[in-house]
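Structure first, then comments.
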Amino acid sequence: MGLNSTRAFSLRHSRKGQPLSVGRVQTPTLRIIADRDQAIAAFQPTPYWQLEVQFRADAGEYTGIWQGPDSEYPSRIPTLAQAQALAEKVLPGILGHIDRIEKKTLTVKPPLFFNLNDLQKEANRRLGLTAQQTLDAAQSLYDQHLISYPRTEARVITQEVAKTLPRRLQTLPIGTPSLLAQAQSRLSQPLSRLVNDAAVNKAGHYAIIPTGHLPRTLSRRDQSVVELIARRFLAALLPSGQDERTTIWTMAADERFKTTGTTVLNTGWREVYEVLMEPDDSENTDQVLPSELGVGNTVRISDSTIHSKETRPP
């Protein structure tokens, strides 16, 4: 029914040399994209302000952002005059207290192996390589039998390839003895996230991983890419990391302030990137919080800052 209607609509409303392409999936999808594009084009930024307050407790210092009654955007202050009036209420020396602390433990799973798309994005972000440069480097490494076939969509391997992982780890060109030992130990556990024959069969080739051959003299570009692949390979075989997400609600001068922070409880697989290269880029701007803050603790305001901001398009 739908297919026949699509054909009839296209034939009825097409012009000579200008076929009209419609479809019960593509047409509403195009509408969604067009609506978003129009919303971005017509967007007018609206200014707003935020009030940041510095608190000092016996356990240490932290900052909080003023929270208002707006359930969707509680930290937005619509006018500068309102922000200045709030700032005059929370002058240095005023006492407050920690009203509530919420803590949540988060498991940070290791990444899967590289497919070509992920490798190109990572090489661009970390090494500044274009997609074509990364593909050329990967093809060169494949021709030298240093990595598996690079033109793949799969991020997993087959059961048969999984049997070769111990050998591939032994000749990995990067990694500390401790990390390599952790990865070898994990091979005795189920690797269900990394092994999927059906997904590999669908993609045609398994993920991009080192072959186990020792790298010879390589160009600077190829050396950087093969190390990138080796790091991802090792990271995928390491244990998950664990973080603690903390939210603190502070009351001062009858106003409420929100503080968020993340504490790394267990680095896990992320140690590969901490030890061997620059830490992973992140948009996470959470602060490091004093470890001994508690509900009911008295805090003292030491400073406040008004930040000018504006809304951004969808």
Quick one: which of Thr130, Asp136, Thr134 gives a side-chain hydrogen bond (donor to acceptor under 3.5 Å, both in side chains) with Gln132?
->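 Filter result, single survivor: Asp136.
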
Do the non-hydrogen side-chain atoms of [X] and [Y] ever get within less than 4.5 Å of each other?
| X | Y | answer |
| --- | --- | --- |
| Thr250 | Lys258 | no |
| Ser302 | Phe55 | no |
| Lys309 | Pro47 | no |
| Asp197 | Val200 | no |
| Leu237 | Leu187 | yes |
| Leu91 | Ile94 | yes |

For [X], I'd like to know if atom [atom1] has over 12 heavy atoms of other residues, nucleotides or ligands within 6.0 Å.
| X | atom1 | value |
| --- | --- | --- |
| Arg300 | CZ | no |
| Gln189 | CD | yes |
| Asp58 | CG | no |
| Arg15 | CZ | no |
| Arg56 | CZ | no |

Salt-bridge test for Arg76 and Asp70: reply yes if a basic N is under 4.0 Å from a carboxylate O, no otherwise.
-> no

State whether Glu244 and Lys104 are salt-bridged, where the test is any N-O pair (Lys NZ or Arg NE/NH1/NH2 against Asp/Glu carboxylate O) under 4.0 Å.
->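 The answer is no: the pair does not qualify as a salt bridge.
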
Gln67-Ser75 side chain donor-acceptor pair, cut-off 3.5 Å | no

I would like to know whether Arg100 and Glu102 meet salt bridge (Lys or Arg N to Asp or Glu O under 4.0 Å); could you show each step before the answer?
-> CA-CA 7 Å; Arg100 192 165 85 249; Glu102 302 166 356; 2.9 Å; yes

For the pair Gln144 (side chain) and Ser140 (backbone), establish whether a donor and an acceptor sit closer than 3.5 Å, ignoring hydrogens and angles.
-> yes

Is Asn297 reaching over with its side chain to a backbone N or O of Gly294, donor-acceptor style, under 3.5 angstrom?
->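 Indeed, once roles are kept as given, a pair shorter than 3.5 Å links the two residues.
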
Could you label the plane-to-plane angle of the Tyr273 and Trp269 rings as parallel, tilted or perpendicular, counting under 30° as parallel and over 60° as perpendicular?
->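 Rings of Tyr273 and Trp269: perpendicular, over 60°.
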
Phe233 vs Phe113 aromatic rings, parallel, tilted or perpendicular, using cut-offs 30° and 60°?
-> parallel

Minimum heavy-atom distance [X]-[Y], with the two atoms named:
| X | Y | answer |
| --- | --- | --- |
| Thr171 | His213 | OG1-N, 4.3 Å |
| Pro239 | Arg186 | N-CD, 4.1 Å |
| Arg167 | Thr211 | NH1-O, 3.0 Å |

